[in-house]
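A quick write-up on the structure given underneath.
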Amino acid sequence: MNIRYLKKGKEYSNFDTCKDFEIEVTKKNGKNSVTLIAKTDIELIDAVELLPIPTNLHDLYFLNGYQSWTDTKEFKLADRLRNIKKSPHIISHMFAMQAYGDNHFYHYSIIKSHGYDLFYSKGEHESFIFNVNFEVAYLIIEIIKNKRTTLRLISDLEGCKLKKGESVRIFDYYYFPDFKEGLECFYKHVPIEKREKIFGYTSWYNYYQNINEEIILRDLKALDNRFNLFQIDDGYESFVGDWLEVDKKKFPNGLEPIVKEIHSRGFKAGIWLAPFVAETKSKLFKEHKNWIAKDEHGKMIIAGGNWSKHYVLDLTKEEVRNYIEKCLKHYMDMGFDFFKLDFLYAAGLRNFKGTGRTRCQGQKQAYDFLRNILKDKLVLGCGANLLNSWGSFDYLRIGPDVSLTFDDAAYMRMFHRERPSTKVTIQNTIYRSIYDQRLFANDPDVFLLRDDNIGLSFEQRKALTTINALFGSVLMTSDNIATYDDKKKKVLSEALDLFENATEKHYVKRKHYIDIEYQLKGKKHSFTYNTKKGVMSNVR
């Protein structure tokens with residue numbers, strides 16, 4: 001075990017126990033725990049442990065991505081993770097692509113692949129690893145491709161400060177050399193916690209920011225009593241960050257009458273906010289630049305290229321926290337029942353050196369801050385890290401945004417691992433189903449069946465709808481369902497049957513196919529999903 005740390009500003013690297021700390025190791029029933037006790041004042045950077053797990057070209061490796069939108073599936077050893085360093089610098093800089101994922105703190109290399117907090121392998125060599133230290137430190141699991149005998153476990157401890165005599169758990173994870181045994185242990189650790197399933201409408205994936213009162217009320221009237229949520233997405237606010245200012249041209253009567261109309265139809269009313277960021281056109285950004293988080297050089301921290309570019313709010317400032325609380329309570333008082341909170345990865349973009357908290361602790365604290373404000377309201381986290389979302393959110397997005405063409409525009413494929421892509425998000429939906437109704441209820445993003453304003457073939461739309469219904473607990477659309485013909489109504493009706501009643505779901509990867517089986521009302525059914533073409537075959 002190698003531990004890196006700072007003492008009086010100088011970096012040290014030591015194996016196991018040294019004069020500055022001691023460690024205690026406990027191994028029992030598959031659980032591996034390591035506690036570090038400081039003998040002097042130190043600040044930790046990371047800890048590295050090697051596990052003797054062999055790898056080969058034929059086995060499958062589940063690499064859980066950094067946040068909601070990060071591509072996640074079963075990889076082969078030869079597969080490469082997308083690295084923005086391979087993108088043209090002018091493009092990556094223009095769109096601040098380093099901000100969306102883990103590129104700002106993790107060093108990518110062609111000789112390694114990695115995932116976060118939960119890992120397994122299937123094939124000749126089986127293994128299952130999951131982190132139970134996720135309120136303290138992320139566990140990064142690395143496959144070193146030119147070293148076929150070990151996995152490298154990294155505990156991300158940067159920012160953790162200890163005074164003499166203080167201690168911290170630097171590793172706490174389960175490891176099993178058998179996939180089934182490991183999965184059973186994981187399920188015991190995170191038992192089923194049933195949340196209400198959501199069948200709803202969101203305005204984003206048809207109109208994007210181009211919404212108005214007429215569109216919202218028209219699509220609301222199209223819903224029938226099978227729905228239980230109507231959510232207004234991005235576009236109602238004047239600018240991102242100015243949540244108290246509704247665009248009067250789009251919504252001359254404000255949102256209050258719409259909330260009442262949603263409730264009168266028997267639906268929950270949902271609203272979208274990105275509470276940790278502000279775009280450059282917002283009044284907040286222009287008038288409160290001191291509210292923007294700064295890096296160690298005093299430069300404002302950018303959170304991405306969306307809108308007019310958006311920056312990270314400094315959650316250490318009381319006035320920032322008060323403002324976010326005021327905004328959320330404003331919509332609570334208006335009667336909204338469901339809050340979709342987006343771009344939450346921004347809470348982890350600051351430099352955590354010297355803060356006394358790890359990146360994981362900082363983000364967990366930010367998530368709990370939101371939960372404490374919203375109390376018993378239903379909360380959907382989006383763009384958030386997964387395991388430390390447990391207990392903070394009722395629902396969590398588990399894939400990137402659906403794109404209106406199967407793998408989005410060609411130039412978008414140069415972008416970060418968190419880019420919109422229907423191709424990617426369907427696989428995230430399948431492989432992250434391991435978390436559903438345990439850590440949270442999974443939101444696989446929308447299904448789309450409409451014919452207009454879309455580049456997906458009907459068969460691709462049908463596969464998207466079916467897989468979302470089968471593996472998710474949130475089934476949302478942005479379609480005006482009043483326009484559906486009999487063929488689309490049939491697909492939706494069948495999907496709702498799956499959504500409510502399918503059980504015993506299993507999947508097996510076979511090259512670029514995924515064979516899927518499930519039970520429905522006592523009968524076994526199956527189909528094969530083609531990950532390259534986005535369609536189903538052999539439906540039985």
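All figures in this text were calculated on a predicted structure; none of them were measured in a lab.
- With rounding to the nearest 0.5 angstrom, the CG atom of Asn442 is 10.0 Å from the CG atom of Asn428.
- When only modelled atom types and interatomic distance are considered, Asn56 and Glu124 share a side-chain donor-acceptor pair under 3.5 Å.
- Taking the six-membered ring for Trp and the full ring otherwise, Phe343 and Trp69 have centroids separated by under 6.0 Å.
- Between the side chain of Asp79 and the main chain of Lys76, a donor-acceptor pair closer than 3.5 Å is present.
- At most 12 non-hydrogen atoms from other residues, nucleotides or ligands lie less than 6.0 angstrom from CD of Glu135.
- No hydrogens or angles considered: a donor-acceptor pair under 3.5 Å links the side chains of Asn14 and Tyr5.
- Checked by atom type and distance alone, the side chain of Tyr66 never pairs as donor or acceptor with a backbone atom of Asn103 at under 3.5 Å.
- Between Lys490 and Glu494 a salt bridge is recorded (basic side-chain N to carboxylate O distance below 4.0 Å).
- A distance below 6.0 Å separates the ring centres of Tyr507 and Tyr431.
- Residue Val424 comes nearest to Pro400 through the heavy atom pair CG1-CG, 3.7 Å, listed as atom of the first residue, atom of the second, then distance.
- Of the candidates Asp102, Asp71, Thr70, Asp71 is the only one forming a side-chain hydrogen bond (donor to acceptor under 3.5 Å, both in side chains) with Arg417.
- Looking only at atom types and distance, the side chain of Glu142 has a donor-acceptor partner in the side chain of Tyr106 under 3.5 Å away.
- In summary, Lys31 and Asp172 engage in a salt bridge, as defined by a charged side-chain N under 4.0 Å from a carboxylate O.
- Rounding to the nearest 0.5 Å gives a distance of 12.5 Å between CG of Asn131 and CG of Leu386.
- The number of heavy atoms from other shown groups lying within 6.0 Å of NZ (Lys462) does not exceed 12.
- The environment of CZ in Arg148 is crowded: more than 12 heavy-atom neighbours from other residues, nucleotides or ligands sit within 6.0 Å.
- Atom NZ of Lys197 has more than 12 neighbouring heavy atoms from other residues, nucleotides or ligands inside a 6.0 Å radius.
- Between Asp436 and Arg195, none of the side-chain N atoms (NZ, or NE/NH1/NH2) sits under 4.0 Å from a carboxylate O, so this pair counts as no salt bridge.
- Judged by distance alone, with hydrogens and angles left aside, the side-chain atoms of Thr358 form no donor-acceptor pair with the main-chain N or O of Cys160 at under 3.5 Å.
- Side chain of Asp156 to backbone of Tyr138: no donor-acceptor contact under 3.5 angstrom is found.
- Remark: the Tyr175 side chain and the Asn32 side chain contain no N/O donor-acceptor pair separated by less than 3.5 Å.
- Proximity of a side-chain donor or acceptor of Lys112 to a complementary backbone N or O of His107 within less than 3.5 Å is detected.
- Not one N or O on the side chain of Thr465 forms a donor-acceptor pair closer than 3.5 Å with the backbone of Phe447.
- With 3.5 Å as the limit, one finds a donor-acceptor pair spanning the side chains of Arg540 and Ser526.
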Side-chain polar contacts of residues 498-506 - donor-acceptor pairs under 3.5 angstrom, sequence neighbours left out - could you list them?
| from | atom 1 | to | atom 2 | distance (Å) |
| --- | --- | --- | --- | --- |
| Asn501 | ND2 | Asp497 | O | 3.3 |
| Asn501 | ND2 | Asp497 | OD1 | 2.7 |
| Lys505 | NZ | Leu470 | O | 2.9 |

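- Judged by distance alone, the side chains of Tyr120 and Glu74 do bring a donor and an acceptor atom under 3.5 Å apart.
- With ring centers used as reference points, Phe440 lies 6.0 Å or more from Tyr395.
- Separating the CG atom in Asp376 from the CE atom in Met332 is a distance of 7.0 Å, to the nearest 0.5 Å.
- In the model, Tyr435 has a side-chain atom that pairs as donor or acceptor with a side-chain atom of Asn64 under 3.5 Å.
- Separating the CD1 atom in Ile53 from the OG atom in Ser127 is a distance of 4.5 Å, to the nearest 0.5 Å.
- Figure legend: Arg438 and Tyr187 shown as a cation-pi pair, the cationic atom lying under 6.0 angstrom from the six-membered ring centre and within 45 degrees of its axis.
- Aromatic pair Phe267/Phe230: ring centres not closer than 6.0 Å.
- Taking the centre of each ring, Phe393 and Tyr367 come in below the 6.0 Å mark.
- In this structure, Tyr12 has its ring center at least 6.0 angstrom away from the ring center of Phe21.
- Counting only distance, with no hydrogens or angles, the side chain of Lys377 and the backbone of Phe336 share a donor-acceptor pair below 3.5 Å.
- Note that CD1 of Ile144 is 7.5 Å distant from CG of Asn146, once rounded to the nearest 0.5 Å.
- A distance-only check finds a donor-acceptor pair linking the side chain of His104 to the backbone of Gly101 [under 3.5 Å].
- Salt bridge present: Asp407 and Arg419 bring a charged side-chain N and a carboxylate O closer than 4.0 Å.
- In terms of heavy-atom proximity, Leu449 sits nearest to Asp479 at N-OD2, 2.7 Å.
- Atom-to-atom distance recorded for Asp117:CG and Phe134:CZ is 8.0 Å, nearest 0.5 angstrom.
- Remark: Phe176 pairs with no residue by the ring pair (Phe, Tyr, Trp, His ring centres under 6.0 Å) rule, at least two apart or across chains.
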